[in-house]
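Each chain gets a letter, A, B and so on, in the order its sequence line appears, and its residues count up from 1. Not measured: the values here are computed from a predicted model.
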Amino acid sequence: MIRLNMQKTPYRIGLPLLMMATMLTACHHDDKENSENRTFSITVTNLTANQPLSPLTAIAHTSGYHAFVDGEAASVALELIAEGGDNGALLTEAKAASQHLDSKSGTAPIGPGASDTIELSVTHGSKAHISLLSMLVNTNDAFTASNAYSVSDLAVHESRTINLSVWDAGTEANSEAAGTIPGPADQGEGYNATRNDIVNFVGIHRGVISADDGLATSVLDESHRFLNPAAKVTIKRID
Amino acid sequence: MKKFVLSTAALSFALVSLQAQATQFTVDVQNLTQGIYFTPLLVAAHNADTHLFKAGMKASDALQAMAEGGALTGLEADLDTASGQYSANPAGGLLAPGQSATTTSIDTGTSNNQYLSVVAMMLPTNDGFIGLDSYPIPTTPGTYTININGYDAGTEANDEIINGGGTPGVAGIPVAPGGDNGTGATGAANADTNTHVHIHRGVLGDTNATGGMSDLDSRIHRWLNPVARVTITVK
């Protein structure tokens, strides 16, 4: 209740000011520009050498929703994505959140060099943020993400491109061992509720080592290594 | 929220004549790694001519002392000379993986201290440090987030041998605060080829607890950028 009030007040004050500014300057804003009903086309391109990305999780929301917080323990829903690419629980939780505007899952993994596009339609465009998540499937618990990126000021037909880093969910040891990695490099286990990473919180991933770089027990080879950024995202407001 | 803040600022600007305004802000620094500690942070507001470090330039003696051993006194003296303002050690010691620390409010008053720099040594490394050089401090109230990278001071060989060496010019790494290092390493690298401040190439590490090239653990002590997040909150 308090949160709703806080969001409403600045909106009420902000709109007249915005209108005043419009009158003083251009006067050619059409209704479409200021409409709260907006559709965003989101294209994610996999920039890695040999890390397929699990089907995208794309969520549009107002401020206050976070799929994860740096330095804090991952939710089980995030762990399911980071360890096994399964986004069902996170999408269910996102839909139940008061900040939720729209959300969708990609239909297939995104191979290295490939792209996928998802459209999200929102009813509170001037408050819209986009969160994206996807597992790097040839890892134990690595995921790439956009964490509540604001698109509230995108004009119609305007687009913006951002690069995404890779996080470690902190939920599974980066053993790189046979049987522990779900992607094609191993076809091993995905989600496992046991938390045995060196820490139990989300942080920027330190990269995979691979057998070629000295981790004898790794099923990964040098091609599975990655640096940031791992993905490129272009968000376009199409109406 | 953002729109409201910007609109208010615009209105103030329109109604009140332009005047020099003091900027009051706090700075939060978060360690984004999972296995690297930061020595006491130095968060500084300073003028356009002052730099704690410059990428592509030789490290000052004061920067070298910070990057090799975490010592801040040299950099603090440089800031004092330049009438800079700073918060030294807001974390009250090491900043552990995942943790963050916030400075008390800094008020630049009528000074020219309009640029923000942040440094701290990364442990365990030979001369790696987190660095932000001269970010223009915003004057519009709001929250500003900057992800920052790990640099190599270019002053010491990255031998990855933990021997307590933290004095400038002395080889070796002071300590692995997590107590998760090996011993008996033969040395991972010779003297730096690039002796200017540059983006750190990362550490090698190995999985040999009692020998090998490195005393670092390749499963714990590696990192990718960004290594830290700086959040400026302007009041």
With a 4.5 angstrom heavy-atom cut-off, could you sort out which part of [X] is near chain A: side chain, backbone, both or neither?
X	answer
Asn225(B)	backbone
Thr33(B)	backbone
Gln34(B)	both

Test applied, side chain to side chain donor-acceptor pair (under 3.5 Å); reference residue, Asn140(A); option that passes from Asn192(A), Thr180(A), Thr171(A), Asn196(A):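 So the option named by the test is Thr180(A).
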So which of [options] has the biggest tally of heavy-atom pairs under 4.5 Å with chain B?
options	value
Leu227(A), Asn228(A), Thr217(A)	Asn228(A)
Ile209(A), Asp197(A), Ile198(A)	Ile209(A)
Asp168(A), Asn174(A), Val199(A), Val166(A)	Asp168(A)

Quick check on His124(A): does its NE2 atom have over 12 non-hydrogen neighbours (other residues, nucleotides or ligands) under 6.0 Å away?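 Not buried by this count: 12 neighbours or fewer within 6.0 Å.
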Is it true that Thr23(B) and Thr139(B) share a donor-acceptor pair across their side chains at a distance under 3.5 Å?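 Their side chains do not contain a donor-acceptor pair, so the 3.5 Å distance test is not met.
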For Tyr149(A), run the side chain to side chain contact (heavy atoms under 4.5 Å, CB included) check against Val233(A), Leu132(A), Ile235(A) and tell me which one passes.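 That would be Ile235(A); it is the only one of Val233(A), Leu132(A), Ile235(A) passing the side chain to side chain contact (heavy atoms under 4.5 Å, CB included) with Tyr149(A).
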Do Phe129(B) and His200(B) have ring centroids that are under 6.0 Å from one another?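 Distance test on ring centres: not under 6.0 Å, no.
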Assess the pair Tyr151(B) and Phe53(B): is the distance between their ring centroids shorter than 6.0 Å?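 Under 6.0 Å, so yes.
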Tell me which of these, Gly205(B), Pro226(B), Gly212(B), has more heavy-atom pairs under 4.5 Å with chain A than the rest.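 Going by pairs under 4.5 Å, I would pick Pro226(B).
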